[in-house]
Amino acid sequence: MHPALVTLPSPATSPAPTAPAAGPLDVFGVPDLVNLDYAATAPCARVAADAVTELLPWYGSVHRGAGGLSQKSTLAYERARQTIGDFLGTRAEDEVIFTRNTTDALNLLARAVPAGTTVVTFGGEHHANLLPWPNTVRLPVPESPDAAIRALAEALRELRRGSDRAAPILVAVTGASNVTGERWPVEELAAMAHRHGARIAVDAAQLAPHAPVDIAASGIDYVAVSGHKLYAPFGAGVLAGRSDWLDAATPYLLGGGATLGVGSATHDVRWATGPARHEAGTPNLFGAVALAAVCTALEEADRAELHTREQKLLARLRAGLDALPDVVELRTFGADAPRVGIVSFVVAGRDSADVATELSRRHAIGLRDGLFCAHPLARRLLTEAAGRSGRTDLPPTALRASIGLGSTADHVDRLLDALADLG
C-alpha cells in the first residue's frame with residue numbers, strides 16, 4: 001500500500017492560496033509532518049508511484065531480450081525518453097541521456113566537452129556546476145541579472161582575444177539558485193554565449209520543478225535535471241542537448257550496451273552513438289518511467305495556475321519572515337527579483353543547526369540547514385546579510401525553506417509561528 005496522500009487545508013484567511021484539486025500531481029507525505037525541504041528532495045507524486053506500480057509486473061531487461069517482459073520494458077524506457085525530451089523542448093537532433101541525477105549529468109557533460117574547452121561559470125553555482133569542469137573561468141557572483149549578462153559578455157570577449165579564437169567555450173549556469181531561489185536570465189545568457197561562438201549548459205535542477213524549460217526556444221545547448229526534485233524520487237536524472245560533443249566523447253561509463261562490437265584485441269572496440277553510448281549497464285527503468293509520468297502530468301496541468309499559487313505561498317512566506325525581527329533573508333539580486341519557491345534565511349543569535357533541530361522536534365517541521373552544497377555563494381550571502389542588516393550575531397550557516405506542489409498556507413504559517421516561538 002502507498003502511504004497516505006496528504007493535502008492539508010488552507011486557513012480561511014483571504015490571502016491564502018487554495019490547495020490544489022486532487023489529481024495525479026498529489027504528493028505523498030506523513031500526516032502532521034510539515035515538509036519544507038522540496039529543494040533537496042521533493043515528495044513523490046501519485047502519478048510517479050502509479051506508473052511504477054503499473055509496470056512492476058512487466059519488469060525485465062531493457063534492450064537485451066526478445067521476450068515479452070524485455071520488449072515491454074524497452075518500449076516503456078524509450079517512450080519515457082521521448083516524453084522527457086518533449087517536456088524539455090529538445091530539438092530533433094538532440095539526445096536525451098538518462099543519468100542518476102543532475103550532478104551525474106553535469107559530470108557526464110564535463111567528460112564529453114572537447115579537449116581544450118574553456119568553461120565559464122559563476123561563483124554562485126551549486127557544487128555540481130562548480131567542481132566537475134576542466135579549465136574553468138569562474139566569474140564573481142553578480143549583483144543583478146543584468147550584471148551577470150555584462151560579466152559574461154566581458155569574459156567571452158576577453159577569451160576570444162586569445163590565440164585560438166575558435167577554441168570551444170561552454171558557459172555553465174544555473175536556471176534558479178538552490179540557495180535563494182532567484183531565477184537567472186537564461187535566455188539572455190544563451191544569446192550572449194552564442195554571439196561569441198560559445199555553448200551554454202543550464203543546471204535546471206531547481207528550475208524545472210517550478211517553471212517550463214524549453215531548450216529550443218531558449219537557445220540552450222544542454223540542460224540537466226533530477227527526478228528526485230521533480231516529484232519522481234526513483235534515482236533518475238537527465239542530460240539533454242546537442243549530440244555532436246556527446247557522440248565524439250569516450251563513453252562516460254564503459255560496459256554492456258555502450259558498444260557496437262568488441263574484438264579480440266584490447267582496444268578493438270566500436271562504441272555506440274546516441275544515448276546508448278553513455279548508458280552502459282542495466283538502466284534505471286523505473287526512474288525513467290516515473291520521471292516521464294510526472295512530466296506528462298505537468299504538461300497536462302495548468303502551469304500558470306500552479307505558478308500563481310506557488311508565488312502567493314512564497315510571498316506569504318517572505319512577508320512573514322520579514323516581519324520577524326531576528327530573521328534575515330539571504331539574496332543575491334534585489335528583493336523583487338523573480339524566484340521559485342526557495343527562501344534561505346538566518347535567525348540572528350541562533351545556530352542554524354540548532355534551530356532546524358528545534359523546529360523538527362518541537363513542531364514537526366522539516367527544512368534544511370547548512371551551506372546547501374553551494375559554499376562560496378552561501379558564505380558570500382551570509383557576509384552580505386550581516387552588512388545589510390547591521391547585525392553582528394548572524395550564524396555561519398543558514399536555514400532554507402522550500403515549497404512545491406504539496407505545500408499549503410498552513411505549512412507556511414506553522415513555520416512562521418514556530419520561528420516566532422523560538423526559545
Taking [X] first and then [Y], would you say they form a salt bridge - that is, a charged N and a carboxylate O separated by under 4.0 Å?
| X | Y | result |
| --- | --- | --- |
| Arg350 | Glu358 | yes |
| Glu154 | Arg157 | no |
| Arg318 | Glu329 | yes |
| Asp221 | Arg242 | yes |

[atom1]/[X]: more than 12 non-hydrogen atoms of other groups inside 6.0 Å:
| X | atom1 | answer |
| --- | --- | --- |
| Asp336 | CG | no |
| Arg368 | CZ | yes |
| Arg111 | CZ | no |
| Trp58 | CH2 | no |
| Arg380 | CZ | yes |

Practice item. Could you tell me how the ring of Tyr77 sits relative to the ring of Phe98: parallel (under 30°), tilted (30 to 60°) or perpendicular (over 60°)? Key: tilted
Within this structure, what is the [atom1]-[atom2] distance for the pair [X] and [Y], rounded to the nearest 0.5 Å?
| X | Y | atom1 | atom2 | result |
| --- | --- | --- | --- | --- |
| Asp37 | Ile365 | CG | CD1 | 12.5 Å |
| His127 | Leu130 | NE2 | CG | 6.5 Å |
| Asp369 | Asp354 | CG | CG | 9.0 Å |
| Glu299 | Asp86 | CD | CG | 7.5 Å |

- prompt: Could you go step by step and tell me if Ile342 and Gln206 meet the side-chain contact (heavy atoms from CB on, under 4.5 Å) rule?
  reply: CA-CA 9 Å; Ile342 299 171; Gln206 301 296 343; 3.5 Å; yes
Any side-chain heavy-atom pair from Asp421 and Arg362 closer than 4.5 angstrom?
yes
Exercise for review: Determine, stepwise, if the pair Leu298 / Leu306 fulfils side-chain contact (heavy atoms from CB on, under 4.5 Å).
Suggested key: CA-CA 10 Å; Leu298 284 171; Leu306 293 176; 4.2 Å; yes
Handout entry: Full working for side-chain contact (heavy atoms from CB on, under 4.5 Å) between Asn35 and His411
Key = CA-CA 8 Å; Asn35 177 10; His411 295 163; over 6 Å; no
In short, His126 meets Asp203 closest at the heavy-atom pair CB-OD2, 4.2 Å
field: Trace of the side-chain hydrogen bond (donor to acceptor under 3.5 Å, both in side chains) decision for Asn107 with Tyr252
entry: CA-CA 9 Å; Asn107 273 267; Tyr252 180 50; 5.0 Å; no
**Item:** salt bridge (charged side-chain N to carboxylate O under 4.0 Å, His left out) evaluation trace for Glu384 with Arg388
**Value:** CA-CA 6 Å; Glu384 187 275 335; Arg388 173 163 42 87; 2.9 Å; yes
Could you go through the side-chain contact (heavy atoms from CB on, under 4.5 Å) check for Asp413 and Arg316 one step at a time? CA-CA 8 Å; Asp413 292 344; Arg316 188 185 189 94; 2.8 Å; yes
